[in-house]
Amino acid sequence: MNTYENILVEHRDGIAIVAIDRPKALNALNAATLAELSKVVGTLAEDTSVQVVIFTGCGEKAFVAGADITEMQAMSATEARNWGKFGQKVFAAIESLPQPVIAAVNGFALGGGCELAMACDIRIAAENARFGQPESSLGITPGFGGSQRLPRLVGTGRAKELLFTADVIDAAEAFRIGLVNKVVPVGRALEEALAMAAKIASRSPVAVGYCKAAANEGMKVDLGSAIAYEAELFGLCFAAPDQKEGMTAFVEKRKPVYGTR
Ligand code: CAA
């Protein structure tokens with residue numbers, strides 16, 4: 001049963017689908033929605049039956065059209081700082097989920113919506129997806145990590161252009177600059193995300209989890225430390241049953257059968 005007001009949560013064969021559901025405001029993130037996201041992310045982190053998480057938006061028009069401008073309009077500097085910190089915390093929790101996270105982006109992913117997509121590990125965009133950090137047109141900077149994750153994903157030059165101009169780009173351009181992994185026909189983003197999620201779920205959950213940790217943590221430190229961390233995780237794999245199963249299955253010329261996370 002869905003116990004949330006602004007998000008829908010569905011479980012399908014080890015895959016959790018979290019859909020932002022405020023279509024009247026193009027799924028803009030107000031405080032209530034962000035609080036619900038925070039709650040569901042905490043629950044998913046603990047749920048060992050969930051192998052992959054997908055974030056999407058309800059309706060074809062928007063993934064998330066940003067943080068809720070009507071709520072931010074009258075904020076004081078202190079309120080805005082706290083609001084930003086809360087959003088940053090929720091998106092950091094999404095980024096650090098132990099499971100891989102895919103954004104199925106349908107329609108507008110602007111401001112906080114683009115930031116939500118960037119907090120996910122992988123982005124699949126429908127042809128009607130539109131991306132941008134239009135905050136500079138509103139007199140603000142991005143507040144939920146966009147000024148930091150965007151340059152890390154597309155490089156500083158392209159990121160600064162998007163941040164300074166507030167330009168909105170289409171899915172093809174987002175693919176060209178490396179902001180999204182894949183572009184699919186309108187209405188297919190969730191299906192494609194589910195197909196990728198099913199493939200990921202068939203791999204070793206231990207290995208996939210360590211791959212995510214290696215990539216995430218390695219990006220925060222120098223290459224030498226990152227490489228050393230990889231060696232630790234590589235070693236740990238050999239202490240887990242998945243390595244035995246994976247390599248035995250290869251030698252026995254059969255498909256490996258892995259447990260859950
Ligand atoms: N906050 C609150 N309401 C929003 C919203 C937002 N971010 N985006 C859209 N809406 C609302 C509109 O106000 C409108 O409501 P009403 O019907 O009550 O007037 C409804 O959603 C439909 O939107 P439009 O009529 O504007 O639809 P459109 O098709 O003409 O335009 C759009 C679509 C280009 C996405 C346009 O809605 C838009 O520009 N939205 C704002 C995008 C934006 O600037 N996002 C960044 C927000 S700041 C941020 O996110 C800061 C941060 O990092 C934390």
Side-chain angles (χ1 to χ4, degrees), residues 5-8 18-38 41 55-95 101 103-120 123 125-154 156 158-174 179-180 186-187 189:
E5 271 184 31
N6 302 297
I7 57 176
L8 296 174
V18 180
I20 317 299
D21 187 23
R22 288 189 75 215
K24 276 191 291 188
L26 300 186
N27 301 327
L29 299 175
N30 60 0
T33 309
L34 206 54
E36 290 190 351
L37 274 178
S38 175
V41 170
F55 282 93
T56 192
C58 286
E60 288 305 326
K61 196 171 168 186
F63 174 71
V64 166
D68 193 305
I69 298 170
T70 59
E71 274 193 2
M72 291 185 293
Q73 193 181 0
M75 277 182 186
S76 68
T78 304
E79 286 167 339
R81 187 179 302 115
N82 291 337
W83 169 238
K85 281 186 176 173
F86 180 46
Q88 288 176 348
K89 192 170 152 210
V90 176
F91 286 13
I94 291 171
E95 191 172 58
V101 183
V105 183
N106 46 310
F108 292 108
L110 302 178
C114 190
E115 291 169 302
L116 172 60
M118 291 192 292
C120 299
R123 284 149 292 282
E127 279 165 354
N128 69 334
R130 297 288 178 271
F131 296 84
Q133 296 291 157
E135 285 88 347
S136 64
S137 71
L138 294 165
I140 60 172
T141 65
F144 296 166
S147 64
Q148 304 310 310
R149 290 198 178 91
L150 189 59
R152 282 165 174 75
L153 272 170
V154 305
T156 48
R158 286 186 171 124
K160 284 174 180 168
E161 181 181 341
L162 287 169
L163 292 165
F164 299 167
T165 61
D167 278 352
V168 173
I169 57 171
D170 64 15
E173 176 67 359
L179 182 54
V180 303
V186 176

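Each ligand, and each atom within it, is numbered from 1 in the order the structure gives.
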If you count the atoms of ligand 1 from 1 in the order shown, which ones are under 4.0 Å from a heavy atom of [X]?
X	answer
Gly143	52 (C), 53 (O), 54 (C)
Leu110	35 (C), 42 (C)
Leu138	44 (O), 47 (C), 48 (S)
Phe144	53 (O), 54 (C)
Gly111	46 (C), 50 (O)
Pro142	53 (O)
Met72	48 (S)

Under 4.0 Å and counting heavy atoms only, is there anything from the protein next to [atom]?
atom	answer
atom 8 (N) of ligand 1	yes
atom 1 (N) of ligand 1	yes
atom 38 (C) of ligand 1	no
atom 31 (O) of ligand 1	no
atom 49 (C) of ligand 1	yes

Provide, to 0.1 Å, the distance between [atom] and the closest protein heavy atom, together with that atom's residue and name.
atom	value
atom 51 (C) of ligand 1	Glu135 OE2, 3.5 Å
atom 47 (C) of ligand 1	Ala67 O, 3.7 Å
atom 4 (C) of ligand 1	Ala25 O, 3.8 Å
atom 45 (N) of ligand 1	Ala65 O, 3.0 Å

Donor-acceptor contact present, side-chain [X] to main-chain [Y], <3.5 Å:
X	Y	value
Asp21	Glu5	no
Arg123	Ala117	yes
Glu79	Ser76	yes
Glu95	Ala92	no
Asp167	Leu162	no
Ser147	Pro142	no
Arg22	Ala28	yes
Glu71	Ala31	yes

**Request:** Examine the proximity of ligand 1 to Pro134 and report which part, side chain or backbone, both or neither, has a heavy atom under 4.0 Å away.
**Result:**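 Side chain only; the backbone of Pro134 stays clear of ligand 1.
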Run down the list [options] and name the one with the heavy atom closest to [atom].
atom	options	answer
atom 17 (O) of ligand 1	Lys24, Gln73, Gln88	Lys24
atom 27 (O) of ligand 1	Gln133, Lys61, Glu115	Lys61
atom 33 (C) of ligand 1	Leu26, Asp68, Leu116	Leu26

**Message:** Return the CG to CD1 distance between Leu37 and Ile94, rounded to the nearest 0.5 Å.
**Reply:** 5.5 Å
**Request:** Nearest 0.5 Å please: distance from the CD1 atom of Ile140 over to the CE atom of Met72.
**Result:** 4.5 Å
Any heavy-atom pair between the side chains of [Y] and [X] that's under 4.5 Å?
X	Y	answer
Phe144	Leu34	yes
Asn106	Lys61	no
Leu179	Met118	yes

**Asked** Based purely on interatomic distance, does Ile140 place a nitrogen or oxygen under 3.5 Å from a nitrogen or oxygen of ligand 1?
**Response** no
